[in-house]
Amino acid sequence: MYVYADNAATTKMRQCALEAYAETAERFFGNPSSLHSTGQAAQEQLSACRAAVAETLHCLPKEIYFTSGGSEADNQAIASAAAAGARKGKKRLISTAIEHHAVLHSLERQKKAGFEVDLLPVGTDGILELSTLEKALGDDVALVSVMTANNEIGTLQPVREIGALCKARGVLFHTDAVQAVGHLPVDVGELSCDYLALSAHKFGGPKGVGVLYARTGAPLTPLIEGGAQERGKRAGTEDLPAIAAMTAALREAVAQMPIVTPRVSALRDRLIRGLSTIPHSALNGDPVRRLAGNVSFCFEGIEGESLLLLLDEKGVCASSGSACTSGSLDPSHVLLAIGRVHDVAHGSLRLTLGDHATEEEIDYIIEAVKEVVGRLRNMSPVWRDLQEGKRSFIL
Ligand SMILES: *Cc1c(COP(=O)(O)O)cnc(C)c1O
């Protein structure tokens, strides 16, 4: 059996997105900035996509800026708010310890430029407490950035309440909604956010395209200089086929959500129940306040990377959800932030289900993980020490 269970890393493109891509590339190849009819036909398609994306987010078309993806959108939101803050003498940026690196590294850059950055802790459930944010807020804060849903452990943050609090205090609020858009209803009015980032390849669109929502009046400075595209805020000829494919994918994802979410949540819970029967294992993140397709576990006494390789041999594509995969030996900052100790955080596994996952696939994954964890534990010196009482179990 082949099971792709790494949909938080990227998704397969939807058929409707592939078709929109091919059709747009063929029929609307003009440059939307050209004045002739071929260019204007492309411009019309671009406007239609902008309007459709705005409708799904419940905002105005002029508040939508097409970007090269989630990372660029996060970078631009943070750079823009920081530049505006610096002009007003606001030199503090607030975020959480579990953000995506697109946010964390952007904040790191601002820190080098003289900003103070507060990364707020989350609970062992992976959720930021509102009171923690409330205490951290002050007149010197240029931006609060809190993700809508976490990419590793799937936890959902109380973004509505966070948005309301920021609005009441007059502080700009950005949310990285890359894991949420196309999977949960997202309404920028309900979130009271000034900026929101989304990425097409997380909901069945192509890679290399995304959106920055910036509320009318929110400070916005370009990262890329050049032409006057995107109302002067993002230079470069628009990738219209990719934008059209993203739009088609987003519309379909939103339309199917009422059916897909309960179905995938039930499969997620079946997977969680099955993996919980493995001794000395633990679910990462809140069991309920999490993305429909996210299952993240730690297994004591094993290395996540070996687990992934053996699962791949059995046809299961998964992720450790940790930075180890990128060649670093540091365990995931997210798992450390929810209180997992280094040894335990190293034995992590993230399985992220797609819209078309089936019960048979879930049962296959459960059996495969049980078998592979057992095999790795039998070879593990750490596991032997745990068995012999030379070390004590944490999970
Ligand atoms: C994937 C992801 C990003 C980056 O998006 P790209 O389009 O790949 O640049 C940012 N934030 C989160 C939470 C993500 O999951």
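Only heavy atoms go into these numbers, but all of them, side chains included; no hydrogens, no water, no symmetry mates. Remember, it's 1-based here, ligands and their atoms both numbered in the order they're listed.
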Heavy-atom donor-acceptor pair, Thr247 side chain to Ile243 backbone, under 3.5 Å:
yes

In this structure, atom 6 (P) of ligand 1 is nearest to the protein heavy atom Gly70 N, 3.5 Å

For ligand 1, which atoms sit closer than 4.0 Å to a heavy atom of Lys202?
1 (C), 2 (C), 3 (C), 14 (C), 15 (O)

With heavy-atom distances below 4.0 Å as the criterion, list the atoms of ligand 1 near His201.
6 (P), 7 (O), 8 (O)

For Ala149 and ligand 1, does the shortest N/O to N/O distance drop below 3.5 Å?
no

Residue, atom and distance of the protein heavy atom nearest atom 3 (C) of ligand 1 read His100 NE2, 3.5 Å

Identify, by atom number and element, the atoms of ligand 1 in contact range of Gly69, meaning under 4.0 Å from any of its heavy atoms.
7 (O)

Can you check whether Asp176 has an N/O within less than 3.5 Å of an N/O in ligand 1?
yes

Please determine, by modelled atom types, if Glu44 and Ser47 share a side-chain donor-acceptor pair under 3.5 angstrom.
no

If you draw the axis of the six-membered ring of Tyr65, does the NZ or CZ of Arg231 fall within 45° of it and under 6.0 Å from the ring centre?
yes

Looking at ligand 1, does any of its N/O atoms fall within less than 3.5 Å of an N/O of Ser71?
yes

Could you tell me whether a side-chain N or O of Ser199 sits under 3.5 Å from a main-chain N or O of Lys202, the two making a donor and an acceptor?
no

Working for side-chain hydrogen bond (donor to acceptor under 3.5 Å, both in side chains), residues Glu99 and Thr96:
CA-CA 6 Å; Glu99 297 298 310; Thr96 79; 2.8 Å; yes

Asn75 and His105: side-chain donor and acceptor closer than 3.5 Å?
no

Could you check whether the rings of Phe393 and Trp383 sit parallel, tilted or perpendicular, using 30° and 60° as the cut-offs?
perpendicular

Starting from atom 7 (O) of ligand 1, what is the nearest protein heavy atom, named by residue and atom, and what distance separates them?
Ser199 OG, 2.6 Å

